[in-house]
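Predicted model, so just to flag it, every value in this text is computed and none were measured.
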Amino acid sequence: MKAVRLLEYGGQLVFNDVPTPTIARDEILVKVRSTAVNHLDLVEASGAARQIFPIDLPWIPGHEFSGIVEKTGSDVAAYAPGNAVFGTTTGMGAYAEYLAVKAAAIARKPSNLSFEEAASVPVASQTAWQGIFTYGHLEKGQTILIHGGAGAVGAYAVQLASHAGATVIATARGGDEAYLKSIGAGRVIDYREAQFEKVLREKVDVVFNLIRGDTQERSFLVLKEGGYLVSATQPVSQEEAARHRVSGAMMSLAPSGDLLGRIAELLEEGTIRPDVATVYALQDVAQAWKDIAGNLPGVHGMSPSGSGPATRRSHGKIVLRVA
Ligand SMILES: NC(=O)c1ccc[n+]([C@@H]2O[C@H](COP(=O)([O-])OP(=O)(O)OC[C@H]3O[C@@H](n4cnc5c(N)ncnc54)[C@H](OP(=O)(O)O)[C@@H]3O)[C@@H](O)[C@H]2O)c1
């Protein structure tokens, strides 16, 4: 099969033939239709965080996919060849024509979504769900501040929080205001024009932080006592949290086929929707990585200048079409 591989940390991605994977009894062989690009792919490839995110080289990147079940292991009862599925990977990466994956990490693809849209869903939507509900304990009637609301994770957080009956405030660039209001944000603060802690009059119950830098530290100032600061990007100072009488935690996504199944229902009934910015062919992965590197300067030797970020739409996932 054809696959994209990294041969050495920080090296070029190569597109060539590798053996088609075999499956264990609890696994499924999926013919991949699409996969999506995540910041983590580039971080892993750079080797910059190899203690936390180790990879075995040569390595096939890709944490999420959509596709068709080709074959099932003898212990798999829930899926059969021909089923359209989507999910997160459980070992090998999804930048490939075929993928071996555990049945527990996948769900049926929502019938109203294209394979490209479906591949953009699993990581961002589950991160958003777990960030705001599992870690943030968000409830109906509460107020949440989402930093990076127009990003891949942020857009699901906005939609899920709004659907749960919370008041949603998001920070984003001003140009994303109309988009964010269309998916449920009540208020958008342009991070390039204003400091949220200066313009917010009321304190919030939950902060969900999806960006790096000092935004996280400043967020303590806008939290109600007893509130939650959840970060997807960096550890939360427990001393600061205690000083402000709030709880704080850095989340770590724990993907689950059951959760993805619940998210699939929300997608199918139109309660939430995916957002795909750009679709590239798998062999054009280098350009796709340049695009996403605009939000991740310095990683994998890429800089935010050049053709990628300048032309990149500011919201939505970057998807790779495999077949
Ligand atoms: N811990 C976990 O389990 C986990 C899981 C998934 C993702 N993550 C991490 O979560 C982060 C977000 O992921 P993503 O896929 O949503 O990234 P993304 O799609 O690149 O979104 C980031 C968003 O933040 C915006 N932004 C940049 N600077 C900002 C600022 N100062 N204030 C407000 N918004 C700002 C960006 O917009 P512009 O730059 O266009 O203005 C962009 O819309 C990444 O760091 C990723 O690695 C963690």
Side-chain angles (χ1 to χ4, degrees), residues 38-40 42-43 46 48-49 51-53 123-139 142-158 160-161 166-174 176-177 180 185-254 292-299 304 314-315:
N38 284 286
H39 288 201
L40 182 57
L42 283 73
V43 172
S46 73
Q51 315 293 347
I52 313 166
F53 304 116
V123 170
S125 64
Q126 294 188 78
T127 303
W129 182 296
Q130 292 178 353
I132 66 177
F133 298 128
T134 313
Y135 286 83
H137 305 274
L138 184 70
E139 287 174 15
Q142 292 189 329
T143 300
I144 183 170
L145 171 63
I146 299 167
H147 292 303
V153 178
Y156 283 105
V158 168
L160 291 168
T167 297
V168 179
I169 304 165
T171 58
R173 63 174 61 217
D176 285 329
E177 179 168 356
L180 281 164
R187 180 173 177 193
V188 177
I189 300 171
D190 184 343
Y191 71 89
R192 295 181 306 173
E193 298 289 332
Q195 289 199 290
F196 62 89
E197 72 275 24
K198 298 215 170 114
V199 297
L200 273 181
R201 293 235 174 78
E202 288 174 18
K203 298 213 169 190
V204 305
D205 300 280
V206 181
V207 173
F208 188 28
N209 181 33
L210 295 162
I211 57 166
R212 287 156 214 278
D214 67 353
T215 296
Q216 185 161 309
E217 222 170 283
R218 293 190 279 127
S219 294
F220 284 115
L221 302 171
V222 302
L223 269 171
K224 286 181 191 164
E225 229 177 270
Y228 289 88
L229 171 51
V230 181
S231 176
T233 57
Q234 54 209 13
V236 179
S237 161
Q238 293 308 303
E239 291 73 33
E240 281 297 290
R243 205 161 68 77
H244 290 90
R245 298 180 208 271
V246 299
S247 303
M250 179 176 176
M251 69 163 297
S252 179
L253 171 62
I292 201 171
N295 276 354
L296 207 59
V299 172
S314 63
H315 57 85

- Task: Applying side-chain hydrogen bond (donor to acceptor under 3.5 Å, both in side chains), name anything that partners Glu139, two or more places apart in sequence or on another chain.
- Result: none

- For Leu145 and Phe208, run side-chain contact (heavy atoms from CB on, under 4.5 Å): C-alpha distance rounded to whole Å, both residues' side-chain angles, the deciding distance at 0.1 Å, then the answer. CA-CA 6 Å; Leu145 171 63; Phe208 188 28; over 6 Å; no

- Query: Counting distance only, does the side-chain N/O of Ser46 pair as donor-acceptor with the main-chain N or O of Val43 below 3.5 Å?
  - Reply: yes

- Should Thr143 and Ile169 count as side-chain neighbours, where that means a heavy-atom distance under 4.5 Å? yes

- Item | Gln234 side chain vs Gly213 backbone, donor-acceptor pair below 3.5 Å | yes

- Query: So, do Ile132 and Val230 sit near enough that their side-chain heavy atoms are less than 4.5 Å apart?
  - Reply: no

- Item | Counterpart residues, side-chain hydrogen bond (donor to acceptor under 3.5 Å, both in side chains), relative to Gln238 (two or more places apart) | none

- Task: For Lys203, enumerate each residue passing the side-chain hydrogen bond (donor to acceptor under 3.5 Å, both in side chains) test, keeping only those at least two apart in sequence or located in another chain.
- Result: none

- Note on the structure: Rounded to the nearest 0.5 Å, the CD atom of Gln216 sits from the CG atom of Leu210 at a distance of 10.0 Å

- Asp205: partners by salt bridge (charged side-chain N to carboxylate O under 4.0 Å, His left out), with sequence neighbours left out: Lys224

- Message: For a quick test of reading the model, state the closest non-hydrogen atom pair linking Val158 to Ala185 and the distance between them.
- Response: CG1-N, 3.6 Å

- Message: Can you list everything that forms a side-chain hydrogen bond (donor to acceptor under 3.5 Å, both in side chains) with Thr233? Sequence neighbours excluded, please.
- Response: Ser231

- Query: To the nearest 0.5 Å, how far apart are OG1 in Thr215 and CZ in Phe196?
  - Reply: 5.5 Å

- Message: Using 0.5 Å steps for rounding, measure from the CD atom of Gln195 to the CZ atom of Arg218.
- Response: 4.5 Å

- Message: Using side-chain heavy atoms (C-beta onward) and a distance below 4.5 Å, is Leu253 in contact with Gln130?
- Response: yes

- Message: So, using ring pair (Phe, Tyr, Trp, His ring centres under 6.0 Å) as the criterion, who are the partners of Phe133 when residues are at least two apart?
- Response: Trp129

- In terms of heavy-atom contacts, does CD of Glu217 have more than 12 from other residues, nucleotides or ligands at under 6.0 Å? no

- Message: Testing the basics here: between Leu160 and Ser125, what is the closest heavy-atom pair and its distance to 0.1 Å?
- Response: CD1-O, 4.1 Å

Taking only distance into account, with no hydrogens and no angle test, what donor-acceptor pairs under 3.5 Å do side-chain atoms of residues 146-153 form with protein atoms, sequence neighbours excluded?
unit_1: His147; atom_1: ND1; unit_2: Thr171; atom_2: OG1; d: 3.0
unit_1: His147; atom_1: NE2; unit_2: Ser219; atom_2: OG; d: 3.0

- Can you sort out the partners of Glu240 under salt bridge (charged side-chain N to carboxylate O under 4.0 Å, His left out), two or more places apart, ordered by chain and number? Arg243

- Message: Could you tell me if the side chain of Glu177 sits less than 4.5 Å from the side chain of Asp190, heavy atoms only?
- Response: no

- Message: One pair to check against side-chain contact (heavy atoms from CB on, under 4.5 Å): Glu225 and Val246. What are the steps and the verdict?
- Response: CA-CA 6 Å; Glu225 229 177 270; Val246 299; 5.8 Å; no

- Message: Listing request: all ring-ring contact (aromatic ring centres under 6.0 Å, His included) pairs with a residue in residues 227-251, at least two apart in sequence or in separate chains.
- Response: His137-Tyr228, Phe220-His244

- Message: Give me the atom names and distance for the closest heavy-atom approach of Ala166 to Leu138.
- Response: CB-CD2, 3.8 Å

- Task: For Val188 and Ala172, work out which heavy atoms get closest and say how close.
- Result: CG1-CB, 4.4 Å

- Apply side-chain contact (heavy atoms from CB on, under 4.5 Å) to Arg187 and Leu200, showing your working. CA-CA 10 Å; Arg187 180 173 177 193; Leu200 273 181; 3.7 Å; yes

- Item | Counterpart residues, side chain to side chain contact (heavy atoms under 4.5 Å, CB included), relative to Ala194 (two or more places apart) | Ile189, Val199

- Query: Can you name the closest pair of heavy atoms from Ala128 and Tyr156 and give their distance?
  - Reply: CB-CB, 3.6 Å

- Task: State, yes or no, whether a side-chain contact exists between Thr167 and Gln142 at a heavy-atom distance under 4.5 Å.
- Result: no

- Residues at least two apart in sequence or cross-chain that pass salt bridge (charged side-chain N to carboxylate O under 4.0 Å, His left out) with Arg173, listed by chain then number, are none

- For Val222 and Glu197 the tightest heavy-atom approach is CG1-CA, 3.7 Å

- Message: Has Asn38 got a side-chain atom pairing as donor or acceptor with Leu40's backbone, closer than 3.5 angstrom?
- Response: no

